[in-house]
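Heads up: the structure comes next, in structure tokens.
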Protein chains: 2
Amino acid sequence: MFGYNTISIDQKHRVSIPAKYRVDFLKTNETEIVVTKDPQYPSLKLYKGSEWKIISTKLQSLQGLDPVVRNLQWTILGNASVTDFDPNGRMLILLPQELRNYAQLDNKNKISFVGMGNKFEIWNTDNWNLRQTGGTLATEILDVVLPSSIKEMSF
Amino acid sequence: MFGYNTISIDQKHRVSIPAKYRVDFLKTNETEIVVTKDPQYPSLKLYKGSEWKIISTKLQSLQGLDPVVRNLQWTILGNASVTDFDPNGRMLILLPQELRNYAQLDNKNKISFVGMGNKFEIWNTDNWNLRQTGGTLATEILDVVLPSSIKEMSF
DNA sequence: AAATGAGTTGGTCTGTAAGCCGGATTCTGT
DNA sequence: ACAGAATCCGGCTTACAGACCAACTCATTT
């Protein structure tokens, strides 16, 4: 599913996934959704359960003594938050503190939800233009240092 | 199981494993958990009993003439602390002094618990934040010195 | 304008983390 | 060797976060 939406976080830090995406999830018999950090930008990534299985398995299989690899594993695996779908169709997910910090979502009540096919992103609306301009310094460094085995992977 | 949690150590140096991870352990019929030093960073690693069997076997099989290898064996095997699960479901593990020292957990009451799938890590929260923002020189050096037979192993 | 469906908020309730307390065991000093 | 002290360990209790349930409001469509 594609598209840009503005959705809201309530005081309990809950976010409800827009209905049109939900339909897409149900079509493919997904039962869970996973939220984690985007390693490149101050934003969050949402994966369908099935997508997540692939990605996390790949990442775990990478050998862990390389500091760059470990860093990636920490960021992506170490911050993942798995949520099952609401039985009555609704889809409310709770964003953990650490993730809210990372994506700078605190003290906000409106955030950006971006559909990218299999993957979805959650942004602080103010940061969204980072995507356009090229991101943080960390991104550039990461890009240079990253082993090609990882560069080829899709997050 | 994945995710980042802040948990507390009590005055008796006990740590209780968050429930969602516990569930995961029970699902795979694990009966014990092993805590040991992380050879690279001032932090601790938790393994499921089954995972630990594999890792320790691998490590023992390495020939001990290389001083780097012996060092690794000492750090990982020599400090392992095995704990059985609480029969009534609770999962309180006691962190031995040596391990607390190593991970710089004394005089702290909050620590970081990081789930990485099969493995789990325990960090002094202050150090964890450092890891996120950058690396230490020691890590890079370790990476150069390490024989490739070890680099290929995953801890 | 009414009805249906989606988004949002609020309340309740359960499971759990963490503190507390008391008994046991080890350690120390005389 | 014995008594007192200090540390260790298990059970119990409680405050609170998160899951669940439900209602209300807003929007959209016919």
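Lettering follows sequence order; numbering is per chain, from 1. This one's a predicted model, so the numbers in the text were calculated from it and none came from an experiment.
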**Q.** nucleotides 3-9 of chain C: protein proximity per nucleotide (B base, S sugar-phosphate only, - neither; heavy atom, under 4.0 Å)
**A.** ---SBBB
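By the ring pair (Phe, Tyr, Trp, His ring centres under 6.0 Å) test, A/F113 pairs with A/Y21, A/F120, sequence neighbours left out.
Here the C1' atom of nucleotide D/dG18 and the CD atom of A/E98 are 18 Å apart, to the nearest Å. Taking atom CG of B/L95 as the reference point, atom C1' of D/dC8 lies 14 Å away to the nearest angstrom. Here D/dC9 presents its P atom at 14 Å from CD1 of B/I93, a figure rounded to the nearest Å. Atom pair A/D84:CG and D/dG18:C1' shows a separation of 14 Å (rounding to whole Å applied). The NZ-P distance, from A/K12 to D/dC16, rounds to 15 Å in whole Å. Between the NE2 atom of A/H13 and the P atom of C/dG10 there is a distance of 14 Å, given to the nearest Å.
Between B/E51 and B/K45, none of the side-chain N atoms (NZ, or NE/NH1/NH2) sits under 4.0 Å from a carboxylate O, so this pair counts as no salt bridge.
Looking at B/W52 and B/E32, their side chains never bring a donor and an acceptor atom within 3.5 Å of each other.
Nearest approach of A/A80 to A/T36, heavy atoms of both residues: N-OG1, 3.6 Å.
Residues from residues 45-53 of chain A that place a heavy atom under 4.0 Å from any atom of DNA chain C: there are none.
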